[in-house]
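This report concerns only the one structure given below.
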Amino acid sequence: MEEYKRLFDVYLRMAVRLYDPQRPYDNLEVCCRQCIRLREQLLGMCQLLEATGDMTMEEAEKESKRIISEFSTIRLFHAYIGEGECYVYTEFAPVRNTE
């Protein structure tokens, strides 16, 4: 379990380190795909820990939600992969009625 916690931290640092906020579009797709790959590996480890009894089902569910949240490409890079392409996610303020 300690090894898993260490890997979680290392994987998160790896995902964030790829991204350069000064030049956000240079490797955005690579960042997103790497983040997704690391997230899937951690989710697999979580399932394995549950299967071996090192984690209860409740702990595994809670940890899975944390993995999905922490390794969200929208949260980390404001982008996501959809239909095979990388899309930038932006939030727009609601349009005010000026009438």
Side-chain angles (χ1 to χ4, degrees):
M1 191 67 178
E2 291 303 316
E3 183 67 16
Y4 164 78
K5 290 178 182 177
R6 188 185 70 74
L7 282 173
F8 183 97
D9 293 336
V10 168
Y11 280 19
L12 189 56
R13 282 194 306 269
M14 284 172 53
V16 172
R17 196 173 294 150
L18 283 173
Y19 182 68
D20 181 2
Q22 300 301 318
R23 297 167 37 175
Y25 303 112
D26 284 1
N27 66 344
L28 195 54
E29 184 173 353
V30 170
C31 290
C32 287
R33 292 194 185 282
Q34 177 71 1
C35 185
I36 292 167
R37 193 170 20 260
L38 295 171
R39 178 178 64 212
E40 294 303 317
Q41 288 178 7
L42 285 171
L43 288 170
M45 286 182 218
C46 194
Q47 290 174 344
L48 183 61
L49 288 169
E50 179 188 356
T52 60
D54 292 322
M55 247 187 213
T56 65
M57 187 168 58
E58 292 80 18
E59 289 172 328
E61 185 177 317
K62 182 179 175 184
E63 189 61 22
S64 293
K65 287 179 183 178
R66 183 173 84 109
I67 292 166
I68 291 167
S69 172
E70 291 292 317
F71 285 82
S72 164
T73 59
I74 292 175
R75 187 182 74 77
L76 293 172
F77 314 122
H78 303 287
Y80 64 97
I81 302 290
E83 299 178 19
E85 294 186 41
C86 185
Y87 297 94
V88 175
Y89 177 82
T90 58
E91 288 186 45
F92 293 100
V95 178
R96 291 184 191 178
N97 188 353
T98 58
E99 294 178 21

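Reckoned from all heavy atoms, side chains included, excluding hydrogens, waters and symmetry mates. Computed from a predicted model, the values in this text were never measured in an experiment.
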Query raised in the report: Less than 4.0 Å between a side-chain N and a carboxylate O, is that true for Glu40 and Arg37?
Result: no
Requested in this report: Identify the heavy atoms of Phe77 and Cys31 that sit nearest to each other, and give their distance.
Outcome: CE1-O, 3.5 Å
Report summary line: Here the gap from Ile81 atom CD1 to Leu28 atom CG, rounded to the nearest 0.5 Å, amounts to 7.5 Å
Report task. Mind checking the CG-CG spacing from Leu49 to Leu42? Nearest 0.5 Å is all I need. Result -> 10.0 Å
Report task. Not counting sequence neighbours, which residues clear ring-ring contact (aromatic ring centres under 6.0 Å, His included) with Tyr4? List them please. Result -> none
Query raised in the report: Could you state the interatomic distance from CE (Met55) to NZ (Lys62), rounded to the nearest 0.5 Å?
Result: 10.5 Å
**Report entry** Main-chain N/O of Ala79 paired to Thr73 side chain as donor or acceptor, under 3.5 Å
**Finding:** yes
Query raised in the report: In Å, rounded to the nearest 0.5 Å, how long is the span from CG of Leu76 to CG of Leu12?
Result: 6.5 Å
Requested in this report: With salt bridge (Lys or Arg N to Asp or Glu O under 4.0 Å) as the test, would you mind laying out the steps for Glu70 and Arg75 before giving the verdict?
Outcome: CA-CA 8 Å; Glu70 291 292 317; Arg75 187 182 74 77; 3.3 Å; yes
Query - Gap between atom CZ of Phe71 and atom CD of Gln34 - 0.5 Å precision - result: 10.0 Å
Requested in this report: Starting at CD1 of Ile74, measure out to SG of Cys35 and round the result to the nearest 0.5 Å.
Outcome: 11.0 Å
Query raised in the report: Salt bridge check: are Glu2 and Arg6 linked by an N-O gap of less than 4.0 Å?
Result: no
